[in-house]
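Quick notes on the structure that follows.
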Amino acid sequence: MFTASDDRVSSAADHDQRTRGYPDLVPLLANRIPQTTGRRSVWINGRLHLGGAEPTVSATDHGLVVGDGVFEALKVTASGAFAVRRHLARLTRSAAALGLPAPDHDVLREAIDAVLTDRDFTDGKLRITYTGGAGPLGSPAAYGPPTLIVAAEASPHPPATTAVVTAPWSRNEHGALAGVKSISYAENVRALAWAATQGAGEAIFLNTAGNVCEGTGTNIFCVFGDTVVTPPLTAGPLAGITRELLLEWCEIIQRDLTPTDALAADEVFITSSLRDVQSVDRWGTTVFGPERPGTERISRSFAQRAGADPDP
Ligand SMILES: Cc1ncc(COP(=O)(O)O)c(C=O)c1O
């Protein structure tokens with residue numbers, strides 16, 4: 001670590017950022033978010049759409065009306081979708097947490113094959129979205145039947161390194177959606193857009209206790225010498241598949257981290273299905289040195305093990 005600063009949530013500048021509207025973000029985001037250029041394959045409730053006419057869902061779908069749904073995002077490589085079994089298991093857990101019927105894994109596997117067969121890209125992203133289906137124009141439960149969507153598109157490789165900032169909003173580790181991969185991601189969208197205004201590629205949430213929780217779409221790890229630490233699930237992060245695999249494959253300790261602890265780390269990295277292991281070069285005003293042996297070791301182990309088994 002080269003410089004340290006208190007990157008905590010409640011400064012006046014943070015408050016300004018919290019209350020500022022979107023318009024100032026829009027031109028900036030238009031320049032930063034890569035648009036997909038290839039064909040996007042979409043499967044909805046048993047029907048495959050390969051480009052051409054845009055597939056549709058009902059305007060009263062409860063996912064659209066109140067965010068009543070769950071999802072998975074899987075990495076696609078030359079070998080197909082990665083870690084399908086674990087992603088489907090988490091989708092089922094998330095659906096149960098929202099009171100949705102268990103999704104049919106056989107149907108899902110067929111849908112995944114359907115959108116990936118004859119794809120015009122090698123590396124990409126596959127998204128499964130599962131909502132309550134048609135419902136009222138409010139919070140009472142959806143009528144169903146559920147809507148199931150599987151879509152795939154090309155996705156560029158993320159950079160090996162990124163900068164992060166502490167989000168000026170907290171994650172509620174006691175909330176009904178803590179640890180659930182719900183489609184209600186507007187908080188994450190807002191925080192990621194805010195990170196972009198700070199020149200960063202990810203925003204890190206603290207939880208209501210003030211401890212480090214997770215990024216908007218990533219889990220976080222801190223390296224102290226030979227020791228790698230990540231916040232426990234009780235701190236409120238999503239049980240990331242990449243995090244889960246790293247905990248099985250490498251020696252990693254789960255313990256609460258205050259922001260002061262985290263900023264004193266020798267190295268920091270973040271993980272997700274689409275970023276794999278991504279090194280952090282700056283957290284707010286704290287700059288991490290260019291030597292990152294701990295991150296490289298973990299990244300190498302992950303690449304080796306994941307490359308050897310597409311569904312670990
Ligand atoms: C909030 C959040 N935390 C962590 C992760 C990382 O999870 P995974 O490794 O399963 O992609 C994600 C992935 O999208 C996420 O949305």
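This chain uses plain numbering: 1 for the first residue, then up along the sequence. Just follow the structure's listing: the first ligand is 1, and inside any ligand the first atom is 1.
Nearest non-hydrogen protein atom to atom 6 (C) of ligand 1 is Asn219 OD1, 3.6 Å. When hydrogens are left out, the protein atom nearest atom 2 (C) of ligand 1 is Glu214 OE1, 3.5 Å; that is the closest non-hydrogen contact. Taking atom 9 (O) of ligand 1 as the reference point, the nearest protein heavy-atom neighbour is Thr242 OG1, 2.7 Å. Looking only at heavy atoms of the protein, atom 16 (O) of ligand 1 is closest to Tyr185 OH, 2.4 Å.
Within the listing of ligand 1, atoms 6 (C), 9 (O), 11 (O) sit less than 4.0 angstrom from a heavy atom of Ser272. Ligand 1 places these atoms under 4.0 Å from at least one heavy atom of Ser273: 8 (P), 9 (O), 10 (O), 11 (O).
Residue Arg171 places a heavy atom under 4.0 Å from ligand 1. At least one heavy atom of Gly215 sits closer than 4.0 Å to an atom of ligand 1.
Taking only non-hydrogen atoms, the option from Gly217, Gly240, Ser182 nearest to atom 5 (C) of ligand 1 is Gly217.
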**Prompt:** For Phe205 and Trp169, what are the C-alpha separation, side-chain angles and deciding distance, and is it a ring pair (Phe, Tyr, Trp, His ring centres under 6.0 Å)?
**Reply:** CA-CA 7 Å; Phe205 287 107; Trp169 304 276; 7.5 Å; no
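When heavy-atom distances to ligand 1 are checked against a 4.0 Å cut-off, Leu274 has no atom that comes that close, whether in backbone or side chain.
Two residues are said to be in side-chain contact when any heavy atoms from C-beta on lie closer than 4.5 Å; Leu137 and Thr60 meet this criterion. A 4.5 Å side-chain heavy-atom check between Tyr130 and Pro103 finds at least one atom pair inside the cut-off.
For ligand 1, the polar-atom distance check against Ala73 finds no nitrogen or oxygen pair separated by under 3.5 Å. Checked against a 3.5 angstrom limit, the closest N/O atoms of Arg243 and ligand 1 fall outside it. Polar contact check, Lys181 against ligand 1: a nitrogen or oxygen pair lies under 3.5 Å apart. Remark: ligand 1 and Asn188 share no N or O pair separated by less than 3.5 Å (distance only, no angle test). Residue contacts with ligand 1: Arg90 is placed with a nitrogen or oxygen under 3.5 Å of a nitrogen or oxygen of the ligand (distance criterion only). For His87, no nitrogen or oxygen atom sits less than 3.5 Å from a nitrogen or oxygen atom of ligand 1, counting backbone and side chain alike.
In this view, Asp276 and Lys75 satisfy the salt bridge (charged side-chain N to carboxylate O under 4.0 Å, His left out) rule, not counting sequence neighbours. Under the salt bridge (charged side-chain N to carboxylate O under 4.0 Å, His left out) criterion, Glu110 pairs with no residue, sequence neighbours left out.
Around the CD atom of Glu248, the shell of radius 6.0 Å holds more than 12 heavy atoms that belong to other residues, nucleotides or ligands.
The side-chain contact (heavy atoms from CB on, under 4.5 Å) test with Gln278 is passed by exactly one of Ser272, Pro159, Ser299: Pro159.
In this structure, the ring of Phe288 has its center no less than 6.0 angstrom from the ring center of Trp283.
A cation-pi arrangement is present between Arg127 and Phe71 under the rule of less than 6.0 angstrom and at most 45 degrees off the ring axis.
A salt bridge links Glu244 with Arg86: at least one charged nitrogen is closer than 4.0 Å to a carboxylate oxygen.
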